[in-house]
**Student:** 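The structure that follows is given in the form of structure tokens.
Only a predicted model underlies this, so the values are computations on that prediction, with no experimental measurement involved. In what follows, chains are A, B, ... by sequence order, proteins preceding strands, each numbered from 1.
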Amino acid sequence: MYDFKKIEKKWQNYWEEKETFKAITGLDKEKYYVLVEFPYPSGAGLHVGHVRSYTALDAVARMKRMNGYNVLFPMGWDAFGAPAEQYAIKNHIHPKEAVKENIKTFKKQIMDLGISFDWSREFSTTDPEYYKWTQWQFLEFYKHGMAYKDKKNINWCPTCKTGLSNEDAAGGICDRCKSKVVQKEKEQWLLRMSDYAEDLIVGLKDTKFADRVKLGQINWIGKSTGAEVDFKIAGTKKKLTVYTTRPDTLYGVTFMAIAPEHPILEELKDRIKNMDEIKKYQEEAKTKSEFERTELVKEKTGVKVEGLEAINPLNKEKIQIWVADYVMMGYGTGAIMAVPAHDNRDYEFAKKFGINIIEVISGGDISKEAYIGDGPYINSGILNKLTSKEEAISRMLDFLEENKIGHAKTNYRLQDWIFSRQRFWGEPIPLIHCEKCGWVPVPEEDLPVLLPDVANYEPTEDGESPLANIEEWVNCTCPKCGGHARRETDTMPNWAGSSWYFLRYMDPHNDKEFVSKEALDYWGKVDWYNGGMEHTARHLLYARFWNQFLYNIGLVPNKEPIDVRVSHGMILAGGEKMSKSKGNVINPDDIVNEYGADALRTYEMFIGDYEKDASWSTNGLKGCSKFLDRIWRIKDNLNDKEGYTNEILVHQTIKKVTNDLDSMKYNTAVSALMILLNEYEKCPNITRDDLRILIHLLNPIAPHITEEINDICNLGAPLCESPWPVYDEKKTVNENFEMVIQVNGKVRGKEVVNINASKEFMQETALANENVKKFVRGKKIINVVVIPRRLVNIVVR
RNA sequence: GCCUGCGUGGUGAAAUUGGUAUACACGCUUGACUCAAAAUCAAGUGACAUUUUGUCAUAUCGGUUCAAGUCCGAUCGCAGGCACCA
């Protein structure tokens with residue numbers, strides 16, 4: 001085995017000294033911006049999963065540089081947030097120190113891999129020089145009315161003792177600690193992300209995201225089209241407005257259901273006869289959400305509101321009103337019209353409480369279940385006899401609008417972004433509350449609002465931020481009137497810093513602006529962005545929202561910040577996620593020490609389809625290590641000839657590797673190079689050109705060993721400074737090809753034929769083949785299909 | 001329940017986008033070298049059989065086609081996402 005330790009160190013030093021990977025803003029070259037999600041520098045160190053995506057994008061970056069682009073391939077640290085804080089609490093050090101230590105470890109590990117990052121642009125989201133601008137941008141949101149404080153029921157994690165966004169509490173589970181989330185009423189800062197719901201869907205068409213990523217975002221935004229309809233409450237001037245996607249079933253409404261938190265209950269409490277019972281149900285609903293959510297079968301519950309009745313605006317019939325927790329206050333209007341005949345949930349509820357069921361679409365059997373299919377409308381006044389759902393809905397919408405009882409309405413599941421965290425380790429929200437002036441932004445010249453250096457930063461029991469206990473930090477003077485005021489003590493979520501870091505990389509040391517216009521105009525969009533699928537509904541959505549806002553207020557030149565988005569699959573061990581508790585974690589350091597960075601990189605590229613999960617196999621790694629050893633050895637078998645020994649195969653390989661690296665098919669790129677090496681090993685010796693082309697094509701994946709061979713064999717300029725090889729399409733095809741001869745679709749023989757052979761000649765040659773004759777003899781030839789450069793199929797009977 | 005993928009040797013996986021199924025690699029078997037082992041090299045390796053040849057085989061069943069791993073329909077299984085969203 002070659003001395004990879006020495007070689008890898010040597011070339012890493014060479015790149016660093018020569019600043020080979022430094023991106024220069026404004027260079028008269030076409031730019032290319034390659035980005036891989038910056039890591040959270042956890043105490044656990046680098047994971048083999050990081051190695052996979054970093055190597056993949058490194059290969060792209062290295063190839064693009066050789067293709068003559070000015071490549072920006074930066075790296076930094078996303079270091080605010082709960083894990084760093086908890087790590088620090090556990091180890092009794094300040095999170096600042098913990099982060100510093102972890103970054104040091106991560107950086108060393110990444111540098112040992114020889115990834116071609118431009119380290120001159122490195123920063124951490126926790127650097128005051130960086131979070132100054134995160135705070136500055138928050139104030140832009142605030143000044144444009146896009147940030148507001150509101151008291152509302154939010155997701156609260158009792159373990160982390162902080163509020164969470166909907167995205168961080170998906171499925172009712174805290175994303176950090178997996179605790180069940182409870183509802184808690186709290187004053188919170190929010191960003192008006194729901195205003196951008198439509199733009200976030202429309203904008204996707206200006207991106208080249210992988211389909212599964214686009215779909216994930218569209219699903220999360222959850223657009224639905226329907227109608228809002230007003231139902232009068234009998235004997236009052238009040239009305240209940242419902243949202244429905246099926247206004248065509250209005251004649252089938254037999255009751256209404258409202259969320260337990262619905263304000264109408266308070267407004268009309270004097271008319272309600274069973275208020276005590278309802279109050280009790282409301283209390284139950286509040287505590288229930290805690291554990292009820294995880295139960296698989298949720299039986300419908302509810303309480304009838306005695307004393308109130310609604311009027312169906314179409315047939316004027318009086319219908320019951322129920323309070324039921326299957327209606328959510330946070331979606332639509334918090335009230336629904338229930339059509340048990342044609343909705344599963346309403347059906348279940350009506351059956352349980354003995355409520356009337358009216359069929360309005362025929363075709364099903366409503367004595368058994370709700371019918372959700374299509375069919376002719378019945379019992380439906382103006383809609384009777386229609387059969388098309390679309391037509392019925394549009395007819396009904398017209399009717400509702402003419403009679404001013406409803407209108408078309410689009411709803412989104414996407415909600416405003418809860419932006420407050422009751423934690424220490426985050427960017428302080430730069431606002432000051434003054435008794436006289438209300439909320440006042442911290443003036444720009446006073447930014448950043450620094451986190452205080454204190455001993456105690458653990459979360460408090462009462463749900464306040466730890467910052468609230470630090471009197472000397474909280475108390476301040478109002479920037480407006482000079483009177484006494486208090487700072488906001490909530491901090492930002494850890495997704496704040498990562499929502500714009502890709503912009504900062506363009507101009508990371510600017511202390512006058514968040515990024516210069518010059519840098520924004522030159523670097524434009526991220527051309528190729530890689531990250532985990534788990535960030536589809538969070539980081540990627542937040543980043544697009546943030547950028548669209550900056551675009552709308554004229555701060556960035558592109559509405560969409562990212563062109564191509566791809567996602568890597570995970571690396572598993574024995575089909576399971578690697579984890580400390582299972583003891584199946586592969587540490588990249590150990591592999592680099594034993595086999596070298598190039599072997600690890602090559603193996604992770606060879607492991608399988610980049611977008612799919614893959615299982616770690618140490619034997620597979622050894623195979624790739626062996627491949628590199630064989631290349632190392634073949635350099636001792638050079639002859640004095642020039643040119644390529646097998647020119648066609650070389651051109652085929654250049655073509656294959658180039659196309660595969662462009663389309664992230666790393667596994668087949670490596671296999672093409674293995675095939676080339678296998679061919680070289682069959683020759684008594686090879687030319688210098690043969691060797692140079694092999695290592696050049698392998699260089700983006702295994703950069704150290706290839707540079708070393710190039711250097712010691714004197715094959716030419718360093719590979720990282722040489723243009724990427726080009727192939728000649730004409731030289732990728734042989735003069736002759738192996739023509740396949742089929743009889744009735746089955747292979748019966750093969751003949752070598754010139755690629756320009758006529759169809760007639762191919763047919764004659766096929767029919768003359770001895771084995772083919774055996775299958776044709778005595779039978780009638782019905783048809784002969786001839787595909788040039790491929791095959792002949794003889795159809796007989 | 002809904003949406004999105006996926007199902008190919010003992011294993012990880014290829015397949016020019018409808019045209020030779022199993023490239024490349026791992027593992028295994030045999031041989032060479034060696035006192036021996038490791039490493040390395042060579043040969044073999046989908047199943048079955050009457051073994052220079054043929055039959056069957058890409059989850060299962062059916063369809064389209066001269067030709068299907070690839071397209072269409074149904075079924076089964078696995079993974080991921082969303083989930084009382086009206």
**Student:** Scan every strand shown for a Watson-Crick or G-U wobble partner of B:rG80, both distances under 3.5 Å, and answer none if you come up empty.
**Tutor:**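 Check on B:rG80: paired to B:rC3, both distances under 3.5 Å.
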**Student:** Using purine N1 to pyrimidine N3 plus N6-O4 or O6-N4 for Watson-Crick, or N1-O2 and O6-N3 for G-U wobble, both under 3.5 Å, which nucleotide pairs with B:rG18?
**Tutor:**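 Base-paired to nothing in any strand shown.
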**Student:** Could you please name the partner base of B:rG12, counting Watson-Crick and G-U wobble pairs only when both distances are under 3.5 Å?
**Tutor:**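 Paired with B:rG12, as far as the under-3.5 Å criterion goes, is B:rC24.
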**Student:** Between A:Trp495 and A:His535, how do the two ring planes meet: parallel, tilted or perpendicular, split at 30° and 60°?
**Tutor:**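 The rings of A:Trp495 and A:His535 stand perpendicular, inter-plane angle above 60°.
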**Student:** Taking A:Arg212 for the side chain and A:Ser567 for the main chain, is one N or O donor matched with an acceptor at less than 3.5 Å?
**Tutor:**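 Yes, A:Arg212 side chain to A:Ser567 backbone: donor-acceptor pair under 3.5 Å.
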**Student:** Has the side chain of A:Lys300 got a donor or acceptor that lies under 3.5 Å from a partner of the other kind on the base of B:rC84?
**Tutor:**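 Yes, the side chain and the base share a sub-3.5 Å donor-acceptor pair.
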**Student:** Under a 3.5 Å cutoff, is there a donor and acceptor pairing between the side chains of A:Glu167 and A:Trp220?
**Tutor:**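 Result is yes, a qualifying pair exists.
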**Student:** Considering only side-chain heavy atoms of A:Tyr326, which listed nucleotide, B:rC41, B:rC84, B:rC66, is closest?
**Tutor:**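 So the nucleotide nearest the side chain must be B:rC84.
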**Student:** Does B:rG62 have a Watson-Crick or wobble partner in any strand here, with both distances under 3.5 angstrom, and which is it?
**Tutor:**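 Pair assignment: B:rG62 / B:rC72.
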**Student:** Specify the residue among A:Glu681 and A:Thr333 whose closest nucleotide of RNA chain B lies further upstream toward the 5′ end.
**Tutor:**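 Between the two, 5'-proximity favours A:Glu681.
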**Student:** Take A:Asn219 and A:Lys612, find for each the nucleotide of RNA chain B with the closest heavy atom, and name the residue whose nucleotide sits nearer the 5' end.
**Tutor:**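 Its nearest nucleotide being more 5', the pick is A:Asn219.
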**Student:** Is B:rU17 syn or anti, taking syn as a glycosidic angle within 90° of 0?
**Tutor:**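 What B:rU17 shows is a syn base, its glycosidic angle lying within 90° of 0.
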**Student:** Is the glycosidic angle of B:rU51 within 90° of 0, making it syn, or outside that range, making it anti?
**Tutor:**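 Syn.
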**Student:** With side chains defined as the heavy atoms from C-beta onward, is the minimum distance between A:Met578 and A:Val48 less than 4.5 Å?
**Tutor:**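 Touching, per the 4.5 Å side-chain cut-off.
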**Student:** Enter syn or anti for the glycosidic conformation of B:rG27, syn applying to angles within 90° of 0.
**Tutor:**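 Anti conformation here, the glycosidic angle of B:rG27 being more than 90° from 0.
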**Student:** What string of B, S and - do you get for nucleotides 16-25 of chain B 5' to 3' if you count protein non-hydrogen atoms under 4.0 Å?
**Tutor:** B--BB--BBS
**Student:** Decide yes or no on side chain to side chain contact (heavy atoms under 4.5 Å, CB included) for A:Ile591 and A:Leu621, but give the supporting numbers first.
**Tutor:** CA-CA 9 Å; A:Ile591 307 297; A:Leu621 168 78; 3.7 Å; yes
**Student:** Parallel, tilted or perpendicular, judged at 30° and 60°: which one describes the rings of A:Trp417 and A:Tyr542?
**Tutor:**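 Judged by the thresholds at 30° and 60°, the geometry between A:Trp417 and A:Tyr542 is parallel.
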